[in-house]
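Have a look at the structure below before the remarks.
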Amino acid sequence: MNILLFNGSPRRRGNTDLLLERIEAAIHQAGHKAEQINLARLDIHPCTGCGHCETEGVCIFKDDMTPLYDKIDAANRIVIGSPIYFCGITAQAKAFIDRCQALWCRKYLLGQIKPEREYRRGYMVSVAAADSGTIFDGTRQTVRYAFDAMECTFSGELLAGGVDGKGAVAGKPELMAEAAHLGQTICRKS
Ligand SMILES: Cc1cc2nc3c(=O)[nH]c(=O)nc-3n(C[C@H](O)[C@H](O)[C@H](O)COP(=O)(O)O)c2cc1C
């Protein structure tokens with residue numbers, strides 16, 4: 001199992017970080033490898049809509065996103081985590097997802113679909129100060145489309161509303177247990 005966890009929160013030891021860490025620990029306990037990638041620590045240029053990837057399938061920018069295309073290609077489980085910022089994902093997570101336009105182009109414009117990748121699954125983790133049922137709706141839609149471009153099936157989510165202070169999730173054992181459970185689920189083959 002090759003598992004990638006993308007962290008879109010710029011806050012170190014924040015809520016997304018702690019939930020992803022718990023998920024990763026459960027994955028390791030199940031005997032699988034996982035790599036957490038902190039998007040806020042990478043240099044990922046925002047997409048400029050130049051259209052290069054529409055014909056070439058690759059991005060004109062060569063930066064920290066460049067090696068991530070191959071990592072995404074090799075993964076069979078991908079987790080995208082982000083806190084809610086102004087009702088959406090963070091700028092760091094959005095820059096990463098927008099650069100996945102190259103993958104969308106490969107799939108939908110250039111027909112570069114790899115049929116053997118049917119077991120690729122995607123999971124979303126998000127936290128927000130608000131505790132309303134709709135606060136995650138926009139983010140779910142964004143992440144769902146990102147997974148489609150990555151040829152992953154959207155397969156589950158961990159959403160934590162009412163979480164604001166740095167590391168507040170650590171004081172919510174039910175959320176940490178949910179994260180551990182998600183880690184186990186991610187490792188399942190069926
Ligand atoms: C710039 C900014 C915008 C935010 N916008 C929202 C928002 O629209 N709705 C909400 O419920 N919480 C919002 N929050 C609160 C964060 O989602 C919340 O603090 C979250 O727990 C942070 O997660 P982290 O510790 O993983 O970074 C915002 C926080 C920041 C810094």
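First listed ligand is number 1; within each ligand, the first listed atom is number 1. One is the number of the first residue; the rest follow in order along the sequence.
Annotation: K166 places no N or O atom under 3.5 Å from an N or O atom of ligand 1; distance criterion only. For D17, no nitrogen or oxygen atom sits less than 3.5 Å from a nitrogen or oxygen atom of ligand 1, counting backbone and side chain alike. Checking only distances, A129 does come within under 3.5 Å of ligand 1, N or O to N or O. In terms of polar-atom proximity, defined here as any N/O pair under 3.5 Å, C87 does make such a contact with ligand 1. Polar contact check, G14 against ligand 1: no nitrogen or oxygen pair lies under 3.5 Å apart.
Annotation: side chain of R106 is in contact with side chain of Y69 (closest heavy-atom distance under 4.5 Å).
With sequence neighbours excluded, no residue forms a side chain to side chain donor-acceptor pair (under 3.5 Å) with D64. With sequence neighbours left out, the salt bridge (charged side-chain N to carboxylate O under 4.0 Å, His left out) criterion links K172 to no other residue.
Within a 6.0 Å radius of CZ in R12, no more than 12 heavy atoms belonging to other residues, nucleotides or ligands are found.
Under a 4.0 Å criterion applied to the non-hydrogen atoms of A130, ligand 1 contributes the atoms 10 (C), 11 (O). Heavy-atom contacts of V127 reach the following atoms of ligand 1: 17 (O), 20 (C), 21 (O), 23 (O), 26 (O) (cutoff under 4.0 Å). The ligand atoms of ligand 1 that sit less than 4.0 angstrom from a heavy atom of S9 are 24 (P), 26 (O), 27 (O). For ligand 1 and F86, the ligand atoms under 4.0 Å from any heavy atom of the residue are 3 (C), 4 (C), 5 (N), 6 (C), 7 (C), 8 (O).
By the 30° and 60° cut-offs, the orientation of the rings of F147 relative to F154 is perpendicular.
Among all protein heavy atoms, the one lying closest to atom 20 (C) of ligand 1 is V163 O, 3.6 Å. Nearest protein heavy-atom contact of atom 18 (C) of ligand 1 is D164 OD1, 3.4 Å.
Using a cut-off of 4.0 Å between Lys/Arg side-chain N and Asp/Glu carboxylate O, R22 and E178 are scored as not salt-bridged.
Which of D131, N7, I84 comes nearest to atom 6 (C) of ligand 1 through a heavy atom is settled by distance: it is I84.
A donor-acceptor pair under 3.5 Å links the side-chain atoms of S9 to the main chain of R11, judged by distance alone. Judged by distance alone, with hydrogens and angles left aside, the side-chain atoms of N2 form no donor-acceptor pair with the main-chain N or O of K33 at under 3.5 Å.
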